[in-house]
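Some notes on the structure that comes next.
Computed from a predicted model, the values in this text were never measured in an experiment.
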Amino acid sequence: MTDSTSAAAPNGSVRRPVQLTPMQVPKASDVLADDLRERILRGEFPEGTALPPERELVAQTRMSRTTVREALRILEVQGLVQIRTGRAGGAFVQRPGEESIASTVSLLIRGRQVRLAALLETREAVEPACAQLAAKYRTDTDLEALDRANDAIAAEGTLAEFLQANVDWHVAVAVASHNELLTGFMGALSRAIYAATDNQGFIDASVRKTTLRAHRSITDAIRKRDAAAAVRRMTRHVHEYASAVLEVEDRTEIEVPGD
């Protein structure tokens, strides 16, 4: 609802009506969720501990039980609490992980119907950085994950098995960077790219061999901690893949299936 007022100017003329913008009053559940979120992020509620029970929150805030439950659901969706039922149930604090980042990025990609070309451009910008950091910080466990993915690609299984192994390898490079943001981001980006590509018409025996050769070359650079070679080889790999995909893809928007 809007209102307007008018008044006479000093010279006798009438001023234009002043439009009053309606105030946006936040929902009580949003206010409570904001307060609890800040307290969690400040460390007042350590990870693994339970928030005060619903009954106590109702008494403290003087809000309804429905409002309190809605606020807790908001925190659950944001990955800040895990709600357990039963006698030992409650809202237990947890820290957002890579999956929270991946879920948020996936929602953005789906909600904005991001172009496949934009996804590929983003990958070209980000993934060489993942390879560089992986070469610096990788562990023996990281190398084992990369080798397992490459072995799965070499096994010449079904298309679905090849695609999963391919995604596993790219995500493993991000994991080897030991950067949580990059790991979550690449998880969502890799899944979106492969879900958006006409893999049946694009992936053949030649593409599989080229992919395996590139992956092993990059893995070798990461194993030797050769960051420059890892960046150079990953840059060439993702650029060649993007160019090949765009030659056969004519879609400007994508549809990414839900998790």
Side-chain angles (χ1 to χ4, degrees), residues 98 101-138 142 145-146 149-150 153 162-204 206-257:
E98 288 88 353
I101 301 170
S103 177
T104 300
V105 174
S106 294
L107 284 174
L108 173 64
I109 291 171
R110 295 175 64 195
R112 300 297 298 179
Q113 287 292 288
V114 177
R115 294 174 299 113
L116 177 58
L119 292 176
L120 294 170
E121 289 167 354
T122 304
R123 183 183 174 196
E124 286 191 68
V126 173
E127 200 151 11
C130 292
Q132 180 183 40
L133 292 174
K136 293 176 62 177
Y137 301 124
R138 61 86 178 152
D142 295 326
L146 291 168
N150 283 334
I153 292 174
F162 167 80
L163 292 174
Q164 185 59 59
N166 202 5
V167 170
D168 289 345
W169 184 86
H170 283 276
V171 172
V173 172
V175 170
S177 76
H178 292 272
N179 182 301
E180 297 86 352
L181 289 174
L182 287 175
T183 300
F185 190 81
M186 284 305 305
L189 190 62
S190 295
R191 288 195 292 267
I193 289 173
Y194 290 115
T197 306
D198 181 13
N199 296 299
Q200 191 68 46
F202 173 67
I203 304 295
D204 57 18
S206 175
V207 169
R208 292 191 185 207
K209 289 180 180 179
T210 300
T211 298
L212 181 60
R213 184 167 57 249
H215 284 194
R216 283 180 168 165
S217 176
I218 297 165
T219 301
D220 184 59
I222 292 173
R223 178 175 281 105
K224 294 177 179 177
R225 300 190 185 278
D226 188 340
V231 171
R232 185 172 62 253
R233 294 171 188 177
M234 182 66 86
T235 298
R236 182 169 60 247
H237 173 50
V238 294
H239 178 72
E240 289 177 349
Y241 176 85
S243 298
V245 168
L246 292 177
E247 283 184 6
V248 298
E249 294 283 343
D250 58 3
R251 288 174 290 176
T252 57
E253 296 180 345
I254 67 165
E255 294 183 1
V256 183

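Looking at residues two or more places apart in sequence or on another chain, you find a side chain to side chain contact (heavy atoms under 4.5 Å, CB included) between D168 and A149, Q164. The salt bridge (charged side-chain N to carboxylate O under 4.0 Å, His left out) test applied to D226 returns no partner, not counting sequence neighbours. Residues passing the side chain to side chain contact (heavy atoms under 4.5 Å, CB included) test with V105 are I101, I109, F185, A188, sequence neighbours excluded. Looking at residues two or more places apart in sequence or on another chain, you find a side chain to side chain contact (heavy atoms under 4.5 Å, CB included) between R208 and L159, F162, I203. For R213, the side chain to side chain contact (heavy atoms under 4.5 Å, CB included) partners at least two apart in sequence or on another chain are T210.
Remark: L133 CG to L182 CG distance equals 6.5 Å, nearest 0.5 Å. Atom CZ in R223 sits 11.5 Å away from atom CG in D142 (nearest 0.5 Å). The structure places OG of S177 at 9.5 Å from CE of M186, a figure rounded to the nearest 0.5 Å. I218 contributes atom CD1, which lies 10.0 Å from atom CG of L146 (distance to the nearest 0.5 angstrom).
A174 and T183 get closest at one heavy-atom pair: O-OG1, 3.2 Å. Of all non-hydrogen atoms in A230 and A221, the two that sit nearest each other are N-CB, 3.6 Å. Considering every non-hydrogen atom in both R110 and Q113, the closest pair reads O-NE2, 3.0 Å. Nearest heavy-atom pair across A134 and I222 is O-CG2, 3.7 Å. Nearest approach of R191 to V167, heavy atoms of both residues: CG-CG1, 4.5 Å. Pairing each heavy atom of N150 with each of L212, the nearest pair is O-CD1, 3.5 Å.
The shortest side-chain heavy-atom distance between Y137 and N179 does not fall under the 4.5 Å cut-off.
Side-chain atoms of S217 do not come within 3.5 Å of backbone N or O of A214 as any donor-acceptor pair. No donor-acceptor pair closer than 3.5 Å links the side chain of R138 to the backbone N or O of A176. Looking at R225, its side chain does come within 3.5 Å of a backbone N or O of K136 through a donor-acceptor pair. Side-chain N or O atoms of T235 include none that pairs as donor or acceptor with a backbone N or O of P128 at under 3.5 Å.
Ion pairing between a basic and an acidic side chain is recognised when a charged N comes within 4.0 Å of a carboxylate O; K224 and D220 show such pairing.
No side-chain N or O of T211 forms a donor-acceptor pair with one of N166 less than 3.5 Å apart.
Between H215 and H170, the angle of the ring planes goes over 60°, which puts this pair in the perpendicular group of the 30/60° scheme.
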Y241 vs V207, side chain to side chain contact (heavy atoms under 4.5 Å, CB included): CA-CA, chis, key distance, verdict: CA-CA 9 Å; Y241 176 85; V207 169; 5.8 Å; no
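Note on residues 116-126: pairs passing salt bridge (Lys or Arg N to Asp or Glu O under 4.0 Å), not counting sequence neighbours, are R123-E127.
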